[in-house]
Amino acid sequence: MSAGHKSVAGVVFNIQKYSVHDGPGIRTLVFLKGCTLACRWCSNPESISPKPVLAYNPAKCIGVGECGRCLEACTYGAITQDGEGRIAINRELCADCMYCVKACPAVALTVYGQTMSVEEVLGAVEADAVFYSRSGGGMTLSGGEPLYQHEFAVALLAEARRRRVSTAMETAGNVPFERLEAACTHLDVLLYDVKSLDPAKHKAGTGAANALPLENLRRVRKAFPGLTIMARTPVIPGFNDTEADIRAIADFVQELPGVSHELLPYHRLAKPKYGYIGREFPMGEAALEDGLMARLEAAAALVRG
Ligand code: SF4
Ligand code: SF4
């Protein structure tokens with residue numbers, strides 16, 4: 001990585017501080033835009049497009065009668081009044097100029113995603129350095145798929161290493177192996193999603209085959225024998241929530257030396273964000289039945305022995 005990597009820039013949609021769930025210790029999560037999958041249950045739907053995305057929260061809108069500044073700001077005719085005195089956005093007409101966001105006094109209109117340099121991101125991350133050294137934490141890259149913007153991701157990891165900030169990255173692994181390899185060179189912990197061993201289910205749920213992510217995990221394990229790798233399975237109703245599904249995944253992980261495995265229960269916290277960006281929530285009212293996680297944990301534990 002050249003000395004110029006600090007000026008490399010990418011699109012970030014959130015920097016979340018004080019996380020204790022995504023790698024060891026207290027961590028700062030840096031969420032990069034863009035993804036190579038389209039999971040039906042995605043908890044960050046604002047991440048999927050690589051570009052900044054306009055968001056509208058009607059609960060914060062003052063109302064067109066009292067305000068209406070966004071209608072004046074939009075010269076594309078993409079904003080109209082809805083039947084309840086608030087606004088409707090025609091996303092076909094929207095040109096992503098974001099003038100309406102600047103005009104909105106109530107922060108009802110916002111943008112998911114801003115271009116940041118490596119230097120800017122690491123500046124925000126290092127503001128919490130005192131927590132990292134005490135807790136064993138550091139920076140975790142997330143997304144979307146952080147390796148969608150692979151040059152930016154690798155530059156962030158390299159610069160964090162140079163500043164002695166511990167590094168972790170979440171990935172679904174559905175990327176060319178060379179991208180993973182470049183990132184792992186600068187990683188302390190790799191958090192790797194294993195969603196389903198069933199090719200047809202994986203394709204139906206995520207939009208992509210599972211062969212590449214599974215093979216990439218095997219290859220990473222071999223190529224980086226000293227790297228801490230934690231496999232994680234989001235348990236999704238109607239997708240992989242049977243004991244047979246979880247046993248198959250646990251079997252696969254068990255074959256990989258030194259790779260731990262954790263089940264993460266599905267939740268619906270992302271539902272409002274779908275509305276903000278003008279999308280239907282694809283999972284509807286689906287939920288995990290009571291007691292299921294305990295049964296699946298037990299099934300996975302039996303495989304681990
Ligand atoms: S981003 Fe620009 S084009 Fe789109 S709704 Fe706002 S002002 Fe109109
Ligand atoms: S500018 Fe903001 S608060 Fe005013 S009408 Fe538009 S969305 Fe609502």
Side-chain angles (χ1 to χ4, degrees), residues 7-17 29-121 123-124 141-153 156 207 267-285:
S7 60
V8 175
V11 185
V12 174
F13 70 92
N14 192 13
I15 295 182
Q16 184 184 318
K17 300 185 167 218
L29 306 189
V30 179
F31 292 88
L32 308 192
K33 271 182 76 56
C35 195
T36 62
L37 299 177
C39 302
R40 294 186 71 243
W41 55 87
C42 180
S43 58
N44 290 325
E46 73 279 33
S47 74
I48 294 174
S49 162
K51 296 189 305 187
V53 173
L54 177 64
Y56 171 59
N57 180 351
K60 290 189 175 173
C61 177
I62 301 164
V64 173
E66 294 76 8
C67 173
R69 293 188 200 176
C70 54
L71 275 90
E72 289 163 23
C74 183
T75 54
Y76 293 88
I79 302 184
T80 52
Q81 182 169 351
D82 72 4
E84 290 164 8
R86 293 197 165 72
I87 65 164
I89 300 169
N90 182 335
R91 289 177 186 267
E92 305 260 298
L93 296 178
C94 175
D96 293 330
C97 70
M98 306 303 172
Y99 290 152
C100 57
V101 173
K102 293 189 189 103
C104 178
V107 203
L109 287 161
T110 52
V111 189
Y112 287 120
Q114 60 170 313
T115 300
M116 295 180 79
S117 68
V118 168
E119 184 68 30
E120 287 170 324
V121 173
L141 296 189
S142 184
E145 167 56 64
L147 294 177
Y148 183 94
Q149 300 185 64
H150 59 105
E151 287 171 355
F152 183 46
L156 287 169
H267 61 74
R268 276 184 293 194
L269 298 175
K271 188 176 176 185
K273 292 195 284 188
Y274 280 83
Y276 299 163
I277 61 171
R279 282 189 55 191
E280 291 288 321
F281 183 54
M283 294 295 287
E285 296 306 309

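These values consider heavy atoms only, across backbone and side chains, with no hydrogens, waters or symmetry-generated copies. Each residue takes its place number in the sequence, starting with 1. Atoms within each ligand, like the ligands themselves, are counted from 1 in listed order.
- Here the side chain of Thr110 pairs no donor or acceptor atom with the backbone of Val107 at under 3.5 angstrom.
- With Tyr148 as reference, Thr36 is the one residue of Val11, Thr36, Leu37 to meet the side chain to side chain contact (heavy atoms under 4.5 Å, CB included) rule.
- One finds no salt bridge joining Lys271 and Glu280 here, because no Lys/Arg side-chain nitrogen approaches an Asp/Glu carboxylate oxygen to under 4.0 Å.
- With a 4.0 Å heavy-atom cut-off, ligand 1 is reached by no atom of Val101.
- Taking a cut-off of under 4.0 Å to the non-hydrogen atoms of Ala95, the atoms of ligand 1 that pass are 3 (S), 4 (Fe).
- Looking at atom 8 (Fe) of ligand 2, its nearest protein heavy atom turns out to be Cys61 SG, 2.3 Å.
- Cys104 SG, 2.4 Å is the protein heavy atom nearest to atom 2 (Fe) of ligand 2.
- For ligand 2, the atoms lying closer than 4.0 Å to a non-hydrogen atom of Tyr56 are 7 (S).
- Using modelled atom types, no side-chain atom of Arg86 and backbone atom of Gln81 make a donor-acceptor pair closer than 3.5 Å.
- In terms of modelled atom types and a separation under 3.5 Å, the side chain of Glu145 and the main chain of Gly34 share no donor-acceptor contact.
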CA sep, side-chain torsions, deciding dist, call: Phe13, Phe31, ring-ring contact (aromatic ring centres under 6.0 Å, His included): CA-CA 6 Å; Phe13 70 92; Phe31 292 88; 5.4 Å; yes
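- Of all atoms in ligand 1, numbered sequentially from 1 with element shown, those under 4.0 Å from a heavy atom of Met98 are 1 (S), 2 (Fe).
- Within a 6.0 Å radius of OH in Tyr99, no more than 12 heavy atoms belonging to other residues, nucleotides or ligands are found.
- Those atoms of ligand 1 with a heavy atom of Ile79 less than 4.0 angstrom away are 5 (S).
- The protein heavy-atom contact nearest to atom 4 (Fe) of ligand 2 is Cys67 SG, 2.3 Å.
- Using a cut-off of 2.8 Å, one finds that Cys74 contributes no N/O/S atom close to atom 4 (Fe) of ligand 1.
- Under a cut-off of 6.0 angstrom, the local environment of NZ in Lys51 is sparse, with at most 12 non-hydrogen atoms contributed by other residues, nucleotides or ligands.
- The nearest protein atom to atom 3 (S) of ligand 2, hydrogens excluded, is given as Ile62 N, 3.4 Å; this is a heavy-atom distance.
- Contacts between Pro105 and ligand 2 below 4.0 angstrom, taking non-hydrogen atoms only, involve the side chain exclusively.
- Near Leu109, meaning under 4.0 Å from one of its heavy atoms, ligand 2 places the atoms 7 (S).
- Atom 6 (Fe) of ligand 2 has Cys70 SG, 2.4 Å as its closest protein atom, hydrogens excluded (heavy atom only).
- In terms of protein heavy-atom proximity, atom 5 (S) of ligand 2 is closest to Gly68 N, 3.5 Å.
- Side-chain contact between Val8 and Ser117: absent, with no pair of heavy atoms (C-beta onward) separated by less than 4.5 Å.
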